[in-house]
Amino acid sequence: MASFRQVAKRLVLGPPVRSDRMGQTLLPKRLALPVFASDPLSSVTYATQEILLILSLGGLAVLHLAPWVGLGVVLLLAVVVASYRQVVHAYPSGGGSYEVAARNLSRNSSLVVAAALMVDYVMTVAVSVAAGVDNLVSAVPALYPSRVWVAVGGVVLLVAVNLRGARESGRAFSVPTYLFVVSMGLTVVVGLVQAAVGHPPVAESAGWGIRPEQTDLTGIALVFLLLRAFASGCTALAGVEAISNGVPAFRRPKERNAGRTMLIMGGLAIGLFSGVTALAAVAGVRVAENPCDLIGFPGDCRSSGQRTVIAQLAAAVFGDGSVMFYVVQAGAALILVLAANTAFNGFPMLGSLLAQRRYLPRQLHTRGDRLAHSNGVIVLGVVSAVLIAAFGGSVTALIQLYIVGVFASFTLCQLGMVRHWNHELRRGEGDRGRIHRARLINAVGAVLTATVLCVVLATKFTHGAYLVVLAIPLLFLLMRGIHRHYRQVRRELEPESGELPSPSRVHAVVLVSAVHKPTLRALAFARATRPDTLTALTVEVDEADTHLLRSEWERLGVDFPLEVVESPYREITRPIVHRIKELRRSGPRDLVCVYIPDYVVGHWWEGLLHNQSALRLTWRLRFEPGVAVVSVPWQLDSSHLRDVDREHHPPGHVRRGLS
């Protein structure tokens, strides 16, 4: 019968999918939107809050500037969406920013983009899940002490769903995404209508004061605070490029469907972010990084967290504890956790492309049972969970690391697109007017994103962004090192001109620990290869045991001499390796083939009782040139139990890589 591991795997992943059914896993627009757009849509739940958190450092006097900061974010978001629509149509093969940089800029530039994107994807998962848990805690405060474990559990759930494949994850995430869009849109519309008819919603924190950390903000100090708030609000742009990375996952015509999906995503993100920011200003929402800075905050500010902006708006519009309040909170929490799905689609695809080009381990290019890049999904989940635990699930701490990588990749991508359009103009093909417009869009996008990158570095560097500034060069060097290794291996393995020289002689050495069936089978196999010499070799650890072995050897009449190697220090591996080296020195062009009897067992615990010396010896002999190691299997009775289990294993259940 099937093993527990196989049953559990099938329950989590579902049945395996044949390679020729790849086309059936492609996404229509209604499923592609929740798969690729949940990240920028989910940022609505915390982008406004991050703006207010920074402005609150200056007290109540500067909170009225939040809508103007939000307007700057909206304009930037519109330009970036328009810019990446050009990427979708110009490079429908996928790869997004990395592919643009690789085609139009230098190799180093493309690797910087790849490193920045990988950091961005990891941070997307960490920030989205942590923010989702914060919204859940706003509805269920009792979960506050366990928020880190809840967040890690959310990452594990995302890994399991994404291992089932893109189409399955699209179906699983479509309902929460559309629930959030509808409930959040309804909150904004109802709240603004209430304000228009003279009954504006009032947030629970509207009457609170804020103890400012900075007072008398004027001139450069005020501008720096506004720039820092703008940089925090730019988290609304995270994930915008995901569709350009995942164009191959769309149904045909791929670029048209991807472009329309990006347009829908941009419209929804801009509308919801603008509405939430305006409604927060109308309702008088107050938040602070430290709840103890809120004058009038109820309860113990040291042991309980404050409600999120979304929770305060839902309570003000629909009533605290109402059905719609919990619907909005459920939608916000779910889309924030599921927003990480954008990264779970982008990171494995980017990892697969980099692995194919030998910049990452080849295992990341392998597809799993469900045609998903399983190893990339698992790596992203593990790193994100570790990051959440390391920062205690704090969105405020994690978000400082967030958008450096985003805008680094944005800027290099837009510069690459400008060069792409210049090349198109030189070729003299296509609609020159359309190309000029596209180049202008990308040029404006490059200038704006480069400016924002400078602002982000200046305002967030000392608040944690320096970690990302260090991580990106380290990833860059790692990818260069991996590529150098693969290139060196390819050079070493490349055949030289002419035929490979055959060995002058073949020496067969059969290792003997006892005279039994496995040893006799190994001797028979060695003799069948017709070597020039055949030696049976044993190591004398105990003189009495060696005497019994000789007696048994002579009694059975084995027609090969038994060579005994002494081991005064009771070692096995070193004397055998020393004897093999002597054979090699006698003929440098000779081949020494070592035959090792190997027990095949049916239970994991039996593996601990057998073959340990053989494993150590095999590993040591692998490093000896001119030596081949042959494992001669002998199936014990327990191994036959695996035959039944093997019948239940689906085709291809064992493949390269981690999974």
Side-chain angles (χ1 to χ4, degrees), residues 489 492-493 495-496 499-601 606-636 639:
V489 170
E492 289 184 21
L493 301 182
E496 299 176 359
E499 296 184 0
L500 290 174
S502 300
S504 301
R505 293 176 298 173
V506 176
H507 304 286
V509 177
V510 180
L511 302 185
V512 178
S513 61
V515 184
H516 47 29
K517 292 179 180 179
T519 298
L520 298 179
R521 173 179 285 185
L523 285 168
F525 281 13
R527 181 166 52 183
T529 63
R530 301 182 182 277
D532 293 284
T533 63
L534 195 157
T535 304
L537 185 67
T538 188
V539 178
E540 183 177 277
V541 176
D542 183 275
E543 186 177 351
D545 290 342
T546 304
H547 179 73
L548 290 175
L549 178 61
R550 285 182 182 276
S551 300
E552 190 66 14
W553 191 268
E554 294 172 359
R555 186 184 68 81
L556 292 175
V558 181
D559 55 352
F560 297 106
L562 177 64
E563 180 179 342
V564 179
V565 178
E566 294 185 356
S567 178
Y569 296 102
R570 299 162 302 284
E571 293 179 288
I572 295 177
T573 302
R574 187 175 299 180
I576 292 176
V577 172
H578 180 70
R579 180 68 183 100
I580 299 301
K581 285 183 175 181
E582 288 180 348
L583 283 174
R584 283 282 300 143
R585 283 194 291 269
S586 65
R589 291 185 56 192
D590 293 354
L591 171 67
V592 179
C593 195
V594 182
Y595 293 81
I596 304 178
D598 184 14
Y599 300 138
V600 180
V601 298
E606 291 179 291
L608 301 176
L609 306 178
H610 302 283
N611 300 325
Q612 301 307 309
S613 297
L615 286 173
R616 289 193 295 271
L617 187 58
T618 300
W619 177 256
R620 180 62 184 83
L621 290 174
R622 284 162 55 94
F623 297 96
E624 294 297 326
V627 176
V629 180
V630 179
S631 175
V632 182
W634 181 270
Q635 292 78 15
L636 297 177
S639 67

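We number each residue from 1, following the sequence as shown.
Of all heavy-atom pairs spanning Y595 and A508, the tightest one is CE1-CB, 3.9 Å. Closest approach of T519 to P597, counting heavy atoms only: CA-CG, 4.2 Å. Scanning both residues, V564 and E540, for their nearest heavy atoms gives CG1-CB, 3.7 Å. The nearest pair of heavy atoms linking S586 to R505 is O-NH2, 4.0 Å. Of all heavy-atom pairs spanning V512 and A536, the tightest one is CG2-CB, 4.1 Å. Residues L617 and V577 come closest through the heavy atom pair CD1-CG2, 4.2 Å.
Separation of atoms CZ (R550) and OG1 (T538) is listed at 9.0 Å; rounding is to 0.5 Å. Rounded to the nearest 0.5 Å, atoms CD (E563) and CG (L537) are 5.5 Å apart. In this structure, CG in L562 is found 10.0 Å from OG1 in T535, a value given to the nearest 0.5 Å. Rounding to the nearest 0.5 angstrom, the gap separating the CD1 atom in I580 from the CG atom in L511 is 7.0 Å. The structure places CG of L549 at 8.5 Å from CD of E552, a figure rounded to the nearest 0.5 Å. Summarising the geometry, atom CG belonging to L583 is positioned 12.0 Å from atom SG belonging to C593; distances are rounded to the nearest 0.5 Å.
Using modelled atom types and a 3.5 Å distance limit, the side chains of E582 and H578 yield a donor-acceptor pair. Donor-acceptor pairing under 3.5 Å is recorded for the side chains of D590 and H507.
The side-chain heavy atoms of V632 and I596, taken from C-beta on, include no pair separated by under 4.5 Å. Between R579 and P575, every side-chain heavy-atom pair lies at or beyond the 4.5 Å cut-off.
When atom types are taken as modelled, the side chain of R584 and the backbone of V627 share no donor-acceptor pair closer than 3.5 angstrom. Using a distance-only test at 3.5 Å, with no hydrogens or angles considered, a donor-acceptor pair links the side chain of D532 to the main chain of V506.
Between E624 and K581, at least one side-chain nitrogen of the basic residue sits less than 4.0 Å from a carboxylate oxygen of the acidic one, meeting the salt-bridge criterion.
The environment of H516 atom NE2 is dense: over 12 non-hydrogen atoms of other residues, nucleotides or ligands sit within 6.0 angstrom. Environment of CZ in R530: sparse, with no more than 12 heavy atoms of neighbouring residues, nucleotides or ligands closer than 6.0 Å.
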Apply the test side-chain contact (heavy atoms from CB on, under 4.5 Å) to residues V515 and L556: give CA-CA distance (whole Å), side-chain angles for both, the deciding distance (0.1 Å), then the verdict.
CA-CA 9 Å; V515 184; L556 292 175; 3.1 Å; yes

Where do V630 and T529 land on the side-chain contact (heavy atoms from CB on, under 4.5 Å) test, with the steps shown first?
CA-CA 12 Å; V630 179; T529 63; over 6 Å; no

Evaluate the criterion side-chain contact (heavy atoms from CB on, under 4.5 Å) for residue pair W619 and R616; output intermediate values, then yes/no.
CA-CA 5 Å; W619 177 256; R616 289 193 295 271; 5.8 Å; no

